[in-house]
*Asks:* 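Structure in C-alpha cells, see below.
Starting from 1, each residue takes its place in the sequence as its number.
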Amino acid sequence: MRIQGAANLLATLMVLLGVGFVNAVAGQPTDAQTTKDLTHPKTVSVTLGKPGKIEWSKTYKKYVWTRSFTAKLKTDEPDIFVIVKGYASYDVMGGRYVFWRTFTTSNSYEGIPDPTAADVQALISKFGLEQFMGQYHFNHVIGKVESIGLAAEPKFMWHTPNSVSFNVVAVYTERTNDIGGRERVARTLEIRLYRDSVKAPWKNLLSTDRGVEKL
C-alpha cells in the first residue's frame with residue numbers, strides 16, 4: 001500500500017510539474033509582443049532570434065527569460081542606420097513575463113564601413129606607434145615592433161557614427177624587468193577612434209590593453 005501511495009504521489013507531482021511547464025511555455029511573450037517591446041520611434045525593423053528560454057541570472061540574482069534580436073535603427077544621418085544586436089530580457093514572476101530591459105552585444109552601422117587593415121596601417125602611420133600601443137608598452141619594447149595590425153577578430157564596436165573601437169595585435173619583444181628580463185609577446189590592444197563628423201578624418205584615439213600572449 002505504501003508503495004502504491006508513493007507511486008500515486010510521484011504521478012501527481014509529475015502531472016503538476018508538467019502543467020507548470022506547459023503554463024510557463026504558454027505564457028511566454030509572443031513574437032508580436034517582443035517586437036513591440038523592442039520598438040521605439042527610431043526603429044526601422046526588428047528580427048528575432050531563436051525562441052527564448054528561462055535562465056538564472058547570477059549577476060542580478062533572479063530568473064529571466066531572454067531572446068536574441070537584431071534591430072535596425074535610424075540615426076541623425078538619413079543614409080546611415082545603426083544595426084544593434086543583443087537580447088531582450090524579461091522578469092519571470094509567477095508565470096508572468098514582464099519586459100525588463102535589453103542588453104546590447106554589438107553595434108554596427110549600415111552606410112559606414114568598418115576600418116580595413118589598410119586603414120589601420122594608415123592610422124598607425126598618422127598617429128604613431130607610441131599612441132597606438134600606449135606609452136607604457138611602447139617604452140618596454142626591445143628593438144623594433146615586429147608587426148602591428150588589425151586582429152583576426154577585430155570586434156568592431158560603433159559607439160556613435162563618429163566613434164568606433166576595434167582590436168589590434170602587436171608582436172614584439174618586451175622588457176619584463178630592469179635586469180635583462182625579456183619575452184616575445186603578442187599584445188591585444190583596443191583602439192577607439194574619434195572624429196567630428198562622418199565625413200571628417202579621425203582626429204584622436206585611445207588605446208586600452210586587452211591582454212597578452214607569450215610566444
*Asks:* Say you draw a straight line from OH of Y87 to OG1 of T66; how long is it, rounded to the nearest 0.5 Å?
*Replies:* 7.0 Å

*Asks:* Determine whether V141 and T173 make a side-chain contact, defined as any pair of heavy atoms from C-beta on separated by less than 4.5 Å.
*Replies:* no

*Asks:* Which distance, rounded to the nearest 0.5 Å, do you find between the NZ of K42 and the CG of L73?
*Replies:* 8.5 Å

*Asks:* Evaluate the criterion side chain to side chain contact (heavy atoms under 4.5 Å, CB included) for residue pair N107 and I83; output intermediate values, then yes/no.
*Replies:* CA-CA 6 Å; N107 281 338; I83 308 300; over 6 Å; no

*Asks:* Test salt bridge (charged side-chain N to carboxylate O under 4.0 Å, His left out) on E190 and R192 and set out the steps.
*Replies:* CA-CA 7 Å; E190 180 185 292; R192 181 167 179 178; over 6 Å; no

*Asks:* Are V169 and F166 in one and the same hydrophobic cluster, where Ile, Leu, Val, Met, Phe, Trp and Tyr link if side-chain heavy atoms are under 4.5 Å apart?
*Replies:* no

*Asks:* Under 3.5 Å, which donor-acceptor pairs do the side chains of residues 174-185 form with other protein atoms, sequence neighbours left out?
*Replies:*
| unit_1 | atom_1 | unit_2 | atom_2 | d |
| --- | --- | --- | --- | --- |
| E174 | OE1 | R187 | NH2 | 3.2 |
| E174 | OE2 | Y172 | OH | 3.0 |
| E174 | OE2 | R187 | NH2 | 2.8 |
| R175 | NH1 | D178 | OD1 | 2.9 |
| R175 | NH2 | N139 | O | 3.4 |
| T176 | OG1 | G181 | O | 3.3 |
| T176 | OG1 | R182 | N | 3.4 |
| N177 | OD1 | I179 | N | 2.9 |
| N177 | OD1 | G180 | N | 3.3 |
| N177 | OD1 | G181 | N | 2.7 |
| R184 | NE | E146 | OE1 | 3.3 |
| R184 | NE | E146 | OE2 | 2.9 |
| R184 | NH2 | E146 | OE1 | 2.9 |

*Asks:* Enter the distance from L38:CG to K36:NZ here, rounded to the nearest 0.5 Å.
*Replies:* 12.5 Å

*Asks:* Grab the two heavy atoms, one from K155 and one from N167, that are nearest each other, plus how far apart they are.
*Replies:* CD-ND2, 3.8 Å

*Asks:* Is there a chain of hydrophobic side chains (I, L, V, M, F, W, Y, each step under 4.5 Å between heavy atoms) that links L193 to V82?
*Replies:* yes

*Asks:* Report yes if some heavy atom in the side chain of E55 is under 4.5 Å from a heavy atom in the side chain of Y63; otherwise report no.
*Replies:* no

*Asks:* So do S106 and F156 actually touch side chain to side chain, heavy atoms under 4.5 Å?
*Replies:* no

*Asks:* Has S163 got a side-chain atom pairing as donor or acceptor with T160's backbone, closer than 3.5 angstrom?
*Replies:* no

*Asks:* Check whether any side-chain heavy atom of Y97 sits under 4.5 Å from a side-chain heavy atom of V92, and report yes or no.
*Replies:* yes

*Asks:* Any salt bridge (charged side-chain N to carboxylate O under 4.0 Å, His left out) pairs touching residues 86-114, not counting sequence neighbours?
*Replies:* K62-D91, K72-E110

*Asks:* Is it the case that over 12 heavy atoms from other parts of the model lie below 6.0 angstrom from the NZ atom of K126?
*Replies:* yes

*Asks:* Any donor and acceptor pair, going by atom type alone, linking the side chain of N162 with main-chain N or O of V198 inside 3.5 Å?
*Replies:* yes

*Asks:* Give the C-alpha distance, both sets of side-chain angles, the deciding distance and a yes or no for side chain to side chain contact (heavy atoms under 4.5 Å, CB included) between N204 and Q131.
*Replies:* CA-CA 10 Å; N204 195 14; Q131 193 165 352; 3.4 Å; yes

*Asks:* For the residue pair F103 and W100, is the inter-centroid distance of their aromatic rings smaller than 6.0 Å?
*Replies:* yes

*Asks:* Of all the heavy-atom pairs spanning F99 and A88, show the shortest one and how long it is.
*Replies:* CE1-CB, 4.1 Å

*Asks:* Just how far is it from atom CZ of F69 to atom OG of S45, taken to the nearest 0.5 Å?
*Replies:* 11.5 Å

*Asks:* Taking all non-hydrogen atoms of both residues, which atom of P113 and which atom of W158 are closest, and how far apart?
*Replies:* O-CZ2, 3.5 Å

*Asks:* Is there a path of hydrophobic side-chain contacts, each under 4.5 Å between heavy atoms of I/L/V/M/F/W/Y residues, joining I112 to L123?
*Replies:* yes

*Asks:* Run the numbers on L129 and I124 for side chain to side chain contact (heavy atoms under 4.5 Å, CB included), then give the verdict.
*Replies:* CA-CA 6 Å; L129 276 175; I124 293 171; 4.0 Å; yes

*Asks:* Side chain to side chain contact (heavy atoms under 4.5 Å, CB included) for V164 and W202? Distances and angles first, verdict last.
*Replies:* CA-CA 10 Å; V164 63; W202 298 110; 3.7 Å; yes

*Asks:* Compute whether any side-chain donor of one residue and acceptor of the other, for D37 and Y90, lie under 3.5 angstrom apart.
*Replies:* yes

*Asks:* Which atoms form the tightest heavy-atom contact between L150 and A117, and what is the distance?
*Replies:* CD2-N, 4.0 Å

*Asks:* If you round to the nearest 0.5 Å, how far is CG of L205 from NZ of K203?
*Replies:* 12.5 Å

*Asks:* V145 versus F138: any side-chain heavy-atom pair under 4.5 Å?
*Replies:* no

*Asks:* Look up atom CZ in F81 and atom NZ in K74, then write down how far apart they are to the nearest 0.5 Å.
*Replies:* 8.0 Å

*Asks:* Are V120 and F132 side-chain neighbours, meaning at least one heavy-atom pair lies under 4.5 Å?
*Replies:* yes

*Asks:* Verify the cluster assignment for I80 and V84: are they in a single hydrophobic cluster under the rule of side-chain heavy atoms below 4.5 Å apart?
*Replies:* yes

*Asks:* Salt bridge or not between R67 and D31? Use side-chain N to carboxylate O under 4.0 Å.
*Replies:* yes

*Asks:* So which atom in G134 and which in S207 form the shortest heavy-atom distance, rounded to 0.1 Å?
*Replies:* N-OG, 4.1 Å

*Asks:* Would you name the heavy atoms of A170 and M133 that are closest together and state the gap between them?
*Replies:* CB-CE, 4.4 Å

*Asks:* Would you check if L206 and I191 make a side-chain contact, meaning some heavy-atom pair closer than 4.5 Å?
*Replies:* no

*Asks:* Is there a chain of hydrophobic side chains (I, L, V, M, F, W, Y, each step under 4.5 Å between heavy atoms) that links I148 to V212?
*Replies:* yes

*Asks:* Quick check against the 3.5 Å criterion: does T75 have a side-chain atom that pairs as donor or acceptor with the backbone of E77?
*Replies:* yes

*Asks:* Side chains of K61 and W56: does their closest heavy-atom pair fall under 4.5 Å?
*Replies:* yes

